[in-house]
Every structure is written in structure tokens, then in C-alpha cells.
Engineer: 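Here it is, the structure, as C-alpha cells.
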Amino acid sequence: MSSGVRYSQAKRKLVLASDHDRASVQGSGIEHLVHFLPAGDRPDATLENVFPLIGLAFSSEGEADLADGIVSLRAFGTVPDIPIKRLSAEAVSESAGLIQALVDGGVGRLARFSSAITSELALLRRERETLLENYRALEDAFQARNWEPVAEVFAHDPYVDPKDEGIGHLIANAFVEQLLPVSSHGVAGIGLHFNSVPRDGGELVVVLSYVESGEGVAEWAVPFSQLVPSWNFFALPRTCGGGAKTLRLRVSTTGSETIGLSLGYPIASEHYTARSETRHADLDLRPLAFRVYTGLPGVKPTRMPNMIAPTALLDGHFIEDYRLSVDLLSQIVDVSVTPVVPEFQTVRFLEHEHAVVCHPLANGVSAGAVGRAVEPGTISFSASAVVDHPKGAPAAVSFLLAPAGSNARSEVAELARKGVVKPSAFFSGWREVTNEQPININFQLDEPVRQPMDLMILSRAVTDSVDFSWLKVSGFRMVKQSSGASHVQQ
């Protein structure tokens, strides 16, 4: 049945009745809607232009005959079961208007609605075909101009100098920066080469930003286990658009293990050599081994081998990494809360390892506090932790941030007593640490801190024993962000 056909007297019958009741229906106003089933024996036949919604009976003979007729209709399997309503012959004229409004009017509205949907569907189908044709035209234009979804436009291949020491320790304690020799317009991602990658024990942090404004573009924080000792592609979710700017790449790591970030061949232009805040012999006129890929601005890059998506988009923010200095960590204060004070030193700073030891106790919480360690604007920080003894019992470690100048011991006591911190503080949650391999602890805040904060490093026992449980925490890396056009890095 076509939904676009108007239901009228000449085209559709919507009511069934027996031929016994024809006299009751004639002249009632609904005769044009009724199809009469022949009385008595009837040959098998199809219903032409009939879609029965209801059966009407005005006599006992008509009701019985109609019921038999409907049973025979079920064999067709083309219409649903039809209800039969018994009406008195005297009430036909009174009910005719209501029956016509419910049946003819209701189905007519459904037909018009279905017709409108069909028309809109046809329009959408034509629009879809037009859109597909436009895509084909774009693809033809790309092929005609030799435009690729992602194309390599610049590369510094890796080079190993026999005198190289490797910059793994450098990026673990500081960072390396590299200016890209192409404009930002159309940049889809960066490839970095690694000559060796540990199986675990650290995390690579890559930040891409604009030199002119200092605004961040994206950040990748990738566990070593997800990297391969070859080229790794750090992709943007959308290719860079807008005006042409200069891009700066910053690479650092966290954790106890070091990664083999490759350097390229020596070059004459000092402007495009790799740099660090700490001097290193390997960086003498050497760039990083890197590749730059471009694509159509604003379009998502296609898949590539070893492709890594960013963990954070930094549009409109200025990102800066900072680490806790030796002078700051050396001022750590023991603020442990325990009923039994041990004879050994629970909290201390290891200057030669740039690490803090926080030994758990059988009862209570061991804690060391570093005043004003967290700068305003800090949004996250991370560190590496391990029980530094082959026979050391496992421990739990956590971080707590409290407003600068607060009573650190009171903050720790609040956590030890209630299991939660005060509303003005931030708590990282407990992580279990063993002597098998270091773990990375990442603490992401919901929003940047607005004032300087004290950092507390906490530990507690997880078993009945704390023997040799020398919990060592190192590789503190903080990330702070700000917004505003006045912040420019050179």
C-alpha cells in the first residue's frame, strides 16, 4: 500500500462487515469505508484495496458470519488480527460520525505523515549523494595536486657518534628542546626516534608549543611500554591551521629508567640544534632525530605505524615543566604521625640520587613535608617510587598538597584518623609499591592550584612487616599552566 495515496471513498476500505448487515450500514455515512464479506460459503480470494482495521456487526448472524470470514483471512498472512465490535442497528447513525473520524481521519493523518517522511527521506538521500560527489571531487583535486593525507616534509635521520654518552639521564633530570624548521601551518604530527626503550619503569613526556606566544598545542605522556625502539609518530587530533608560527618540541622523562632518545647528524645552524638548561657534550651542534608530517589544515591525520594520540590538548594555555630543586628537597621535614617513634631516621633526602626516602612504620603514617614546593598554576605532577631493598616489604605511598604555611602534621593526622583530607587539601590516593620494579605515580588536579602549596610524601605499611621497606621516591616533575597573551617564551 502506498503511504502517499489519500484515503478516500474510491480507494481504500478500512472496515469489514458481513453481507447480512448491509441494510444497516447503507445510508449511514460510513458505507464508503466498509467492505462487505459475502454471506455463507465464500471462495478463497484476496482483498483488493482493502486494509481492514475493525469489523462491525449489527446482528447475531452478521457477527457469526464476520467471525468466520476473519478466520479465513488469517490464512493470507497479510493483515493483523481484526477486532469485532457489536453495535445495535438503531445506533448506527449516531456512531457513524465517530467511526468515520476515528478510522478515516486517523489513518488519513498517518498517511499524510508517512508521505511527508518519505519526501524528506528522498530529499536527504539526494543531499547525501551530492555530499559524496563533493568528496569525490575533493579526492580528485588532492590527487591532481599530489596532496597526501599525511606527508613527510622534513627529517633528521638518527646518527650515532662513537663518543656519544647518550642523553637519557639528561632528559630524566631536565629536558631537551628542539625548534622545528617548518611553519606550524599544516603540521599533523612529529616523529621521534629511539635507539633503545626499556620495558617499563618510566614515562616519556612530549610537549609541542608555539614559540611566538608560548601557547601549548598538545602534550603526550606515554609509558615506555607503549614505545618501540624505532620511529614513533606523535599525532595531533587535527592538523594545525591558522597563521604560520614556529613550533618548539620539548622532551623529558619520568621514572627510574632512562630511554635512548636519538640525536641526528651535526648541522651548521646552531638555531636548530637541540638545547637544554643543562650543558651536555652530545648536544654540540646536534639536533634531535625527528620527522615532521603535514596534511590538510583542520583535518584529522590518517593512521600511521606507531601512532600515539595526545593525552592533553593545550590550546590557549601556556605550559611549563618544573622540577623540585636539590635545595628545596633538602629542606624536607619529618611530620610522621605514629604512636611509637622509631629509633632509625624515617624520612631523609638522598642528595646524590635526588630522591626522598620515606620508611613506613608498623603503626601510623610516615610523612615528609616540603614547604612551598608546588607553585601556583600547577595542574599535575608525577614521580617514581620503589622499595629500594631486595628484601624490602611492600609499602603504600601517596602525595598530599596543603596550603603553604598550614600545619603539616595536623594535615597528616586528619588523613590518618578519617581517611580523607580537609577541603583545602588535595590527596592522590594510596598506591602499593614493591621491590620488584618502580611505579609511576601521576596526580592530575581538576583545576590549577591558585596559591603555593606544601607537598607531603606519605607512606604506610600494607602487611604486618615493614622490614627493609626503604621506600624511595624520585623524579618529581610538575606541570603548571596559565593563560593570557602576555606570557611569551623566547
Engineer: Could you report the tightest heavy-atom contact between Ala396 and Leu471, atom names first, then the distance?
Structural biologist: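 Heavy-atom minimum between the residues: O-CD2, 4.3 Å.
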Engineer: Rounded to the nearest 0.5 Å, what's the gap from CD1 on Ile308 to CD1 on Ile190? Could you check?
Structural biologist: 12.5 Å
Engineer: Ignoring hydrogens, what is the shortest heavy-atom contact between Ser209 and Gly216? Give both atom names and the distance.
Structural biologist: CB-CA, 3.9 Å
Engineer: Grab the two heavy atoms, one from Gly295 and one from Thr239, that are nearest each other, plus how far apart they are.
Structural biologist: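 It is O-CG2, 3.7 Å.
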Engineer: Return yes if some donor-acceptor pair links the side-chain N/O of Arg291 with the main-chain N/O of Phe233 below 3.5 Å, else return no.
Structural biologist: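 No, the answer is negative, given that no donor and acceptor are paired below the 3.5 Å cut-off.
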Engineer: Just by modelled atom types, is the Tyr272 backbone N or O under 3.5 Å from a matching donor or acceptor in the Gln178 side chain?
Structural biologist: yes
Engineer: Taking all non-hydrogen atoms of both residues, which atom of Leu400 and which atom of Ala425 are closest, and how far apart?
Structural biologist: CD2-CB, 4.3 Å
Engineer: Do Thr434 and Pro394 have side-chain heavy atoms sitting under 4.5 Å apart?
Structural biologist: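 Yes. Closest side-chain heavy atoms under 4.5 Å.
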Engineer: Sequence neighbours excluded, which residues qualify as salt bridge (charged side-chain N to carboxylate O under 4.0 Å, His left out) partners of Arg86?
Structural biologist: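 Only Glu63 meet the salt bridge (charged side-chain N to carboxylate O under 4.0 Å, His left out) criterion with Arg86.
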Engineer: From the options Glu177, Arg477, Glu203, select the one residue that forms a side chain to side chain contact (heavy atoms under 4.5 Å, CB included) with Ser252.
Structural biologist: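 Option passing the side chain to side chain contact (heavy atoms under 4.5 Å, CB included) with Ser252: Arg477.
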Engineer: Determine whether Val197 and Leu204 make a side-chain contact, defined as any pair of heavy atoms from C-beta on separated by less than 4.5 Å.
Structural biologist: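 Answer no - side chains too far apart.
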Engineer: Would Val217 and Leu236 satisfy side-chain contact (heavy atoms from CB on, under 4.5 Å), going step by step from the backbone distance to the final call?
Structural biologist: CA-CA 9 Å; Val217 179; Leu236 293 170; 3.9 Å; yes
Engineer: Under 4.0 Å between a Lys/Arg side-chain N and an Asp/Glu carboxylate O for Lys245 and Glu212?
Structural biologist: no
Engineer: Can you give me every donor-acceptor pair (side chain of residues 54-61, partner residue at least two apart or in another chain, under 3.5 Å) with its distance?
Structural biologist:
from  : atom 1 : to    : atom 2 : distance (Å)
Ser59 : OG     : Asp21 : OD1    : 2.8
Ser59 : OG     : Gly62 : N      : 3.0

Engineer: Are the side chain of Ser459 and the backbone of Cys358 linked by a donor-acceptor contact shorter than 3.5 Å?
Structural biologist: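 Side chain of Ser459 to backbone of Cys358: a pair is present.
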Engineer: Just jot down the salt bridge (charged side-chain N to carboxylate O under 4.0 Å, His left out) partners of Glu129, sequence neighbours excluded, or say none.
Structural biologist: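 Checked Glu129 against salt bridge (charged side-chain N to carboxylate O under 4.0 Å, His left out); zero matches.
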Engineer: I'd like to know whether Val176 forms a side-chain contact (heavy atoms from CB on, under 4.5 Å) with Arg250, so could you lay out the CA-CA distance, the side-chain angles of the two residues, the decisive distance to 0.1 Å, and finally the verdict.
Structural biologist: CA-CA 6 Å; Val176 171; Arg250 175 180 285 194; over 6 Å; no
Engineer: Indicate yes or no: at least one non-hydrogen side-chain atom of Met478 is less than 4.5 angstrom from one of Leu455.
Structural biologist: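 Yes, close enough: below the 4.5 Å cut-off.
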Engineer: To the nearest 0.5 Å, what is the distance between CE (Met453) and OG (Ser406)?
Structural biologist: 7.5 Å
Engineer: For Asp157, which residues count as a salt bridge (charged side-chain N to carboxylate O under 4.0 Å, His left out) partner, sequence neighbours excluded?
Structural biologist: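 Once residues adjacent in sequence are excluded, Asp157 has no partner under the salt bridge (charged side-chain N to carboxylate O under 4.0 Å, His left out) criterion.
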Engineer: Counting N and O atoms only, with roles assigned by atom type, does the side chain of Trp220 sit under 3.5 Å from a partner on the main chain of Phe234, one being a donor and the other an acceptor?
Structural biologist: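 Judged by distance alone, no pair lies under 3.5 Å.
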Engineer: What are the two closest heavy atoms between Asp454 and Ala404, and how far apart are they?
Structural biologist: OD1-CA, 3.5 Å
Engineer: Would you say Leu192 and Leu249 make side-chain contact, with heavy atoms under 4.5 Å?
Structural biologist: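 Yes, side chains in contact.
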Engineer: Nearest 0.5 Å, what's the OG1-CG distance between Thr378 and Leu401?
Structural biologist: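 Answer for the OG1-CG pair, Thr378 versus Leu401, is 8.5 Å.
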Engineer: With distance as the sole test, does Ser380 use its side chain to make a donor-acceptor pair with the main-chain N or O of Val479 at under 3.5 Å?
Structural biologist: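 No, Ser380 side chain to Val479 backbone: no donor-acceptor pair under 3.5 Å.
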Engineer: Measure the CG-CZ distance between Asn442 and Arg431 for me, rounded to the nearest 0.5 Å.
Structural biologist: 8.0 Å
Engineer: Just wondering, do Leu415 and Leu458 contact through their side chains at under 4.5 Å, heavy atoms?
Structural biologist: yes
Engineer: Do Phe290 and Pro181 touch side chain to side chain, with heavy atoms closer than 4.5 Å?
Structural biologist: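 They are in side-chain contact.
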Engineer: Any side-chain heavy atom of Pro198 within less than 4.5 Å of one from Thr258?
Structural biologist: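 The answer is no, as the side chains (C-beta and beyond) never meet within the 4.5 Å cut-off.
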Engineer: Any chance you could lay out the side-chain contact (heavy atoms from CB on, under 4.5 Å) test for Phe224 and Thr253, step after step, and finish with the verdict?
Structural biologist: CA-CA 9 Å; Phe224 290 163; Thr253 62; 4.1 Å; yes
Engineer: What's the verdict on side-chain contact (heavy atoms from CB on, under 4.5 Å) for Leu180 and Leu208, showing C-alpha distance, side-chain angles and the deciding distance?
Structural biologist: CA-CA 10 Å; Leu180 304 189; Leu208 190 65; 4.3 Å; yes
Engineer: Just grab all the ring pair (Phe, Tyr, Trp, His ring centres under 6.0 Å) pairs involving residues 184-205, residues at least two apart or on different chains.
Structural biologist: His193-Trp231
Engineer: In Å and rounded to the nearest 0.5 Å, what is the CG to OG distance from Leu288 to Ser262?
Structural biologist: 9.0 Å
Engineer: Side chain to side chain contact (heavy atoms under 4.5 Å, CB included) with Ala413: which residues, sequence neighbours excluded?
Structural biologist: Val337, Arg417
Engineer: What closest approach, in Å, do Ala244 and Ser183 show between heavy atoms, and which atom pair accounts for it?
Structural biologist: CB-CB, 3.7 Å
Engineer: If the threshold is 4.0 Å, N to carboxylate O, is there a salt bridge linking Glu375 and Lys480?
Structural biologist: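 Salt bridge flag = yes for Lys480 with Glu375.
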Engineer: Would a 4.5 Å heavy-atom cut-off, applied to side chains only, mark Val222 and Val206 as touching?
Structural biologist: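 A side-chain contact under 4.5 Å is absent here.
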Engineer: So how far is it from Asp446 CG to Phe426 CZ, rounded to the nearest 0.5 Å?
Structural biologist: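 Output value for this atom pair is 8.0 Å.
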